[in-house]
2 protein chains.
Amino acid sequence: MTDTWVEALAGGKADLERVSTAQKVADMIRSRVLKGELEPGLRLSEEALGTALGVSRNTLREAFRLLTHDRLLVHEHSRGVFVRVPTAADVRDLYTARRVIECGALRLWPAADKAAKDAVRQAVDFAVKGAAKDNWNDVGTGNIRFHQAITRLAGSDRLNEEGDRLYAEVRLAFQVIKETRSFYERYLVWNRTIVELLSKDEVDQAVESLAEYFRIAEEDLVTHLPSS
Amino acid sequence: MTDTWVEALAGGKADLERVSTAQKVADMIRSRVLKGELEPGLRLSEEALGTALGVSRNTLREAFRLLTHDRLLVHEHSRGVFVRVPTAADVRDLYTARRVIECGALRLWPAADKAAKDAVRQAVDFAVKGAAKDNWNDVGTGNIRFHQAITRLAGSDRLNEEGDRLYAEVRLAFQVIKETRSFYERYLVWNRTIVELLSKDEVDQAVESLAEYFRIAEEDLVTHLPSS
DNA sequence: CTTTGTAGGATTGTTCAACGATACTTCAAT
DNA sequence: ATTGAAGTATCGTTGAACAATCCTACAAAG
């Protein structure tokens, strides 16, 4: 019966893994971008940032390369690395991709496991509680969790990863909008409608509702962004 | 009317862009992996590869970082970079993701533009011609194009990128199977069926057929791969 | 024979300095 | 206003060096 405690400890293996400095730097930059601390258009000078973070230029370049696929930064040959300036075209593309992925994942609701379904509901409950307390940060967080939970209904790590990537770009785009309260207020109503439809197993209607939500959220963003 | 020729030349702008050595090295490694020249499990030594390619270790490391998101290589801290060994769990996850994405994109067939629809048909035609000539390489290529064309029905660059990434992993997994002719022969029949259904605008049936195809292709692979 | 501990070797991860390549800015000439 | 040249900033790459980490081999202990 030694296998039980060996397995229990092995579960913590991931926590022991060494993380390279380049990975740490990349994670930190990503986090700062998503918090709006590094605003769109900002140029990240290797010299300045390397000195500020106390890492070598080579390590920083490795971090930039790690971040390339996130599309939060733009790496321009010989000119440097910039925080991406989201455009209306970006948003159109993002929402097209999200519509396919999230609506596709939502169709799997009937076959999804209980934990995945609960996560969808809990995200909306969290946002509702936030709204009752006038805590709009929580409402925004709940909205994020709701959409991530929908993608997770499919149960695919790869799909989750891509969904998170798309969502991060949406968050970057939303930073252009200074006042987001009214948007989240409205989105919460929508999300509650979707969850109610799901509770009644009206999946097709929920999918339609989600698609309609995407059309509206897309227009909200597009009207605030440069056309190119 | 100068705008016409200026625009025509500007269309070639992308061809003039400088490409970093790191990017070139990454592209070359990716291509070699997909061609099966670097087989699953192989360890890519920085020293050996840097010397062989005539690039510095730092440049090679940047290339490895660029390749991380492709999931074709696995970067293990302090141990090096390896060509990924696909497992049955990988394949399960891949096909779950592809089912959501490709079936979701296929639903958009009615609203898709003519060029995108033609690409789907042409891919199957190409494979059919290849089969008639006993050119199974062409059949395989046609299958790839078919699936890529389906994803492209949605018209989203981000979705195309992810679709291609997933497909590349599938190709890596398929390298475990030495003899693929019988698979592609069967898949071609399936693809033709799907195209016929689409021609009759029976989109729901086409989506169902594609989903069924994925279930079968998934089992084909899973039965040939290590469980972990 | 199996397990543990230690030393040595290989190589990865990071830093640093240097230099070539490239883009940008400024100024002068047309 | 446009073009060309010079100067500057910094990115892209290289190579050397060293610390950190993993792996292997061998010896000792049970």
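Chain naming here is simple, since letters A, B, ... match the order of the sequence lines and numbering starts at 1 in each. Just so it is clear, the values below take in all heavy atoms, side chains as well, and ignore hydrogens, waters and symmetry mates.
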Asks: Which residue, A:Leu60 or B:Glu46, contacts DNA chain C at a nucleotide closer to its 5' end, judged by nearest heavy atom?
Replies: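 This one resolves to B:Glu46.
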Asks: Can you give me the closest heavy-atom contact between B:Ile177 and B:Asp220, atom names plus distance?
Replies: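 Nearest heavy atoms, B:Ile177 then B:Asp220: CD1-O, 4.3 Å.
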Asks: Heavy atoms only, 4.0 Å cut-off, all strands: where does A:Gly50 land among base, sugar-phosphate and nothing?
Replies: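 The answer is nothing, as A:Gly50 stays clear of every strand by at least 4.0 Å.
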Asks: Is there a donor in the side chain of B:Glu62 and an acceptor in the side chain of B:Asn58, or the other way round, less than 3.5 Å apart?
Replies: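 Absent: no donor and acceptor within the cut-off.
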Asks: If every non-hydrogen atom of B:Asp157 is compared with every non-hydrogen atom of A:Asp93, which pair is closest and at what distance?
Replies: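 Result for this residue pair: N-OD1, 2.7 Å.
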Asks: From the 5' end of DNA chain D to its 3' end, which nucleotides mark the outer limits of contact with chain A, defined by a 4.0 Å heavy-atom distance cut-off (strictly under)?
Replies: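 Here the contact window of chain A covers D:dT10 to D:dT21.
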Asks: With A:Arg145 as the cation and A:Phe126 as the aromatic partner, state whether NZ or CZ is under 6.0 Å from the six-membered ring centre and within 45° of the axis.
Replies: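 Cation-pi check for A:Arg145 and A:Phe126: passes.
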Asks: Using the closest heavy atom to pick a nucleotide of DNA chain C for each, name whichever of A:Gly54 or B:Glu47 lands nearer the 5' end.
Replies: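 Its nucleotide being nearer the 5' end, the pick is B:Glu47.
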Asks: Of all nucleotides in DNA chain C that come within under 4.0 Å of a heavy atom of chain A, which is furthest toward the 5' end and which toward the 3' end?
Replies: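 Counting from the 5' end, contacts occupy C:dT14 to C:dC24.
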Asks: When you compare the side chains of B:Tyr187 and B:His147, does any donor N or O come within less than 3.5 Å of an acceptor on the partner?
Replies: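 Looking only at side-chain atoms, B:His147 and B:Tyr187 do not form any donor-acceptor pair under 3.5 Å.
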Asks: Can you name the nearest heavy-atom pair linking B:Leu159 to B:Ala154, along with the distance?
Replies: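 Here B:Leu159 and B:Ala154 meet closest at CD2-CB, 3.7 Å.
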Asks: Ignoring hydrogens, what is the shortest heavy-atom contact between B:Arg99 and B:Glu218? Give both atom names and the distance.
Replies: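 Between these two residues, the closest heavy atoms are NH2-OE1, 3.2 Å.
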Asks: Can you list, in residue-number order, the parts of residues 66-80 of chain A that come under 4.0 Å of DNA chain C, counting heavy atoms only?
Replies: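 Within this stretch, A:Ser78, A:Arg79 sit under 4.0 Å of the strand.
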Asks: What pair of heavy atoms forms the shortest contact from B:Gln175 to B:Leu34, and how long is it?
Replies: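 In this case the closest contact between B:Gln175 and B:Leu34 is NE2-O, 2.8 Å.
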Asks: Are A:Asp138 and A:Thr141 linked by a side-chain donor-acceptor pair shorter than 3.5 Å?
Replies: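 No, no side-chain donor-acceptor pair sits under 3.5 Å.
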Asks: Validate the cation-pi geometry between A:Arg171 and A:Phe174: distance from NZ or CZ to the six-membered ring centre under 6.0 Å, angle to the ring axis within 45°.
Replies: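 The answer is no; the distance or angle limit is not met.
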